[in-house]
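I have placed the structure first, in the form of structure tokens, so that the comments after it can refer back to it.
Worth saying up front: this structure is predicted, and the values here are computed from it rather than measured. Along the sequence shown, residues are numbered consecutively beginning with 1. In what follows, every heavy atom counts, from backbone to side chain, and hydrogens, waters and symmetry copies are set aside.
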Amino acid sequence: MILLRLAWRNLFRNPRRTALTAAAGAFAAVLTILSLAMAYGSHERWIEEVVRLYPGHFEVSLDGYRENRTLDYGMELSRAAMDGLNALPESDGWAPRLESWGLVVGDEDGATGRAAWVVGVDAEREQHLTSLVSSVERGRFVSPGSGREVVLGETLAKNLGVVEGDNVILLSADYYGSQSADRFRVIGTIEVGNPEFDSYAAFVDLHQLQDFLEMGEGVSHVAVFATDPGRAEPIAVQLAEIFPDESFELLSWEELIPDVIQFMVLDDLGAYLTTGVLIIVVGFGLLNTILMSVFERVREFGVLRALGLRPSAVFKLVMIESLLLSLLGIAIGLALVIPLVLYLEQAPIPGEAMGMSQDTIDAMELFNIDAVIVFKLTMRQVIVVPLILVFVAILAALPPAIKASRGRPVDALREA
């Protein structure tokens, strides 16, 4: 306690230096937590928007479907499987899909055909789970029991030269390998900023596509959505119990859209480098402050040694001063940054206002991600960042503390 009292009093012997060093620590805490909160919040938003566009947090299909993408890997859901999907814990719901590749041709002489990614969906489920319905640019989305209707990607519709109300001929190989063709009425177009959707997608009611492709009740896969992505593990465990057969394959969103993971890793790398440089600079600043303090107090440490203070006690005194100084700065930083981040959680900042490059904005739009900066504060940030800063403070204080502990009474006489 005596050493603690001495260390606390010593902080205020040079108020200006103490204030500047504490301000540096507070600055580091604020910028580090802001950077991590920005990265975490933005990534969480990116994941949610990409996953909610179409793929879902989990996909269940027959083993090999994701690699081959053919009707040969279609599956039928049993009543027990559907009951299990309906009872999933932490789940927001699930959606059956039927996918096929085909050719779309305008219903007129001399029309040019275009390759199409034909997707059968349950519109009622998709409206609740994904952003497909809300991404309709013109017209409306498909609805159950409305006949042969199709929603085309905006670019695909332009390439075909068709608009809402026109008819197109859809050709595709059915489940038995025979060619299936029928006339579909275009009821809308969809635009999400992703070439796979805008240039190739053709959405049809699930039951209409099953009938068109002679699939019966077969589907290509089931997409499962989590209420909270951070608590999706129970869903994966339960899905493995619902589909225990090795013929089924369970894929997470990380496996379905690895490009997003790579994009976030690159973004994290830049944030970690910037944060690391900042912490190192603050560490050297603290080292300089404590070292200068030790040089100025050679006589004081010599007198303390002459009065019987052991070298280990002098070492502890300098270390305690360093810790108090860093804790003071961290406390001020936390008091400033926590309210700031909580406010920014409710007020996302446009990417352009934060100096986001056009290439980054274009890359985000490719994944249908809004170019805004979102913040998210977590307990991990509030705990880990101060611990890192304290660790850096300890490292920075070691050389000065060792030097101070080696002081001798004779040094005090020389300084007199």
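Under a 4.0 Å N-O distance rule, the pair R138/E164 does not qualify as a salt bridge. Electrostatic pairing of R140 and E149 counts as a salt bridge here, judged by a charged N lying under 4.0 Å from a carboxylate O. Taking the charged nitrogens against the carboxylate oxygens, E59 and R97 have no contact shorter than 4.0 Å, which rules out a salt bridge.
Residues P229 and V51 are not in side-chain contact: their nearest non-hydrogen atoms beyond the backbone lie 4.5 Å or more apart. Two residues are said to be in side-chain contact when any heavy atoms from C-beta on lie closer than 4.5 Å; F141 and V151 meet this criterion. The closest side-chain heavy-atom distance from F184 to V104 is not below 4.5 Å. Counting heavy atoms from C-beta outward, V337 and T32 have side chains that stay 4.5 Å or more apart. A 4.5 Å side-chain heavy-atom check between M215 and L71 finds at least one atom pair inside the cut-off. L88 is listed as a side-chain neighbour of I242, based on a closest heavy-atom distance under 4.5 Å. The shortest distance between side-chain heavy atoms of S172 and L213 falls below 4.5 Å. Here the side chains of P399 and L291 are not in contact, with every heavy-atom distance at 4.5 Å or above.
Across all their heavy atoms, S220 and S61 have their closest contact at O-CB, 3.6 Å. Here the shortest heavy-atom pairing between E90 and P234 reads CG-CG, 4.4 Å. For the pair G283 and V392, the tightest heavy-atom approach, listed with the atom from each and the gap, is CA-CG1, 3.6 Å. In plain terms, the two heavy atoms of P89 and I235 that are nearest each other are O-CG1, 3.0 Å. Closest approach of L287 to A396, counting heavy atoms only: CD1-O, 3.1 Å. The minimum heavy-atom distance between G333 and A29, with the atom names listed, is CA-CB, 4.2 Å.
Although no hydrogens or angles enter the test, the distance criterion places a donor-acceptor pair under 3.5 Å between the side chain of S326 and the main chain of S322. Between the side chain of N86 and the backbone N or O of M82, at least one donor-acceptor pair lies under 3.5 Å. N68 contributes no side-chain N or O that, together with a main-chain N or O of T70, makes up a donor-acceptor pair within less than 3.5 Å. In this structure, the side chain of D198 engages the main chain of V192 through a donor-acceptor pair within 3.5 Å. Distance alone, capped at 3.5 Å, places no donor-acceptor pair between the E196 side chain and the A201 backbone. Here the side chain of S91 pairs a donor or acceptor atom with the backbone of F225 at under 3.5 angstrom. No donor-acceptor distance shorter than 3.5 angstrom exists from the side chain of D211 to the backbone of H207, with no hydrogens or angles considered. Put simply, the side chain of S78 gets close to the backbone of A81: a donor and an acceptor are under 3.5 Å apart.
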Worksheet entry | Evaluation steps, side-chain contact (heavy atoms from CB on, under 4.5 Å), between E255 and R66 | CA-CA 10 Å; E255 298 168 291; R66 182 49 53 182; over 6 Å; no
Discussion item. For a side-chain contact (heavy atoms from CB on, under 4.5 Å) check, start with the C-alpha distance between L340 and F375, then their side-chain angles and the critical distance, and finish with the verdict.
Written reply: CA-CA 10 Å; L340 177 60; F375 294 81; over 6 Å; no
Discussion item. Test side-chain contact (heavy atoms from CB on, under 4.5 Å) on W101 and W117; report intermediate values, then the result.
Written reply: CA-CA 5 Å; W101 288 93; W117 173 46; 3.7 Å; yes
Worksheet entry | side chain to side chain donor-acceptor pair (under 3.5 Å) assessment of S247 paired with D245 | CA-CA 5 Å; S247 61; D245 197 306; 3.0 Å; yes
Worksheet item: Run the side-chain contact (heavy atoms from CB on, under 4.5 Å) check on D92 and H128 step by step: do they pass?
Response: CA-CA 9 Å; D92 197 26; H128 170 64; 3.4 Å; yes
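Ring orientation note: the planes of F197 and F203 are close to parallel, at an angle under 30° on the 30°/60° scale.
Shown here is F248, whose CZ atom has more than 12 heavy atoms of other residues, nucleotides or ligands within 6.0 Å. Counting heavy-atom neighbours within 6.0 Å of E124 CD, excluding the residue itself, gives a total of 12 or less. Around the CD atom of E241, the shell of radius 6.0 Å holds more than 12 heavy atoms that belong to other residues, nucleotides or ligands.
Atom CD1 in I261 sits 7.5 Å away from atom CD1 in I257 (nearest 0.5 Å). With rounding to the nearest 0.5 angstrom, the CD atom of Q208 is 11.5 Å from the CG atom of L170. Note that CD1 of I320 and CG of L325 are 13.5 Å apart. Values are rounded to the nearest 0.5 Å. Taken to the nearest 0.5 Å, the CG atom of L160 stands 11.5 Å off from the CD1 atom of I169. Between the CG atom of D166 and the CD1 atom of I187 there is a distance of 13.0 Å, given to the nearest 0.5 Å. Expressed to the nearest 0.5 Å, how far CG of L156 lies from OG of S199 amounts to 7.5 Å.
For the side chain to side chain contact (heavy atoms under 4.5 Å, CB included) test with L323, the passing option among L4, V318, V390 is V390; the others fail.
Using modelled atom types, one finds a donor on one side chain and an acceptor on the other under 3.5 Å when comparing Y65 with E99. Side chain to side chain, E137 and T189 fail the donor-acceptor criterion of an N or O pair below 3.5 Å.
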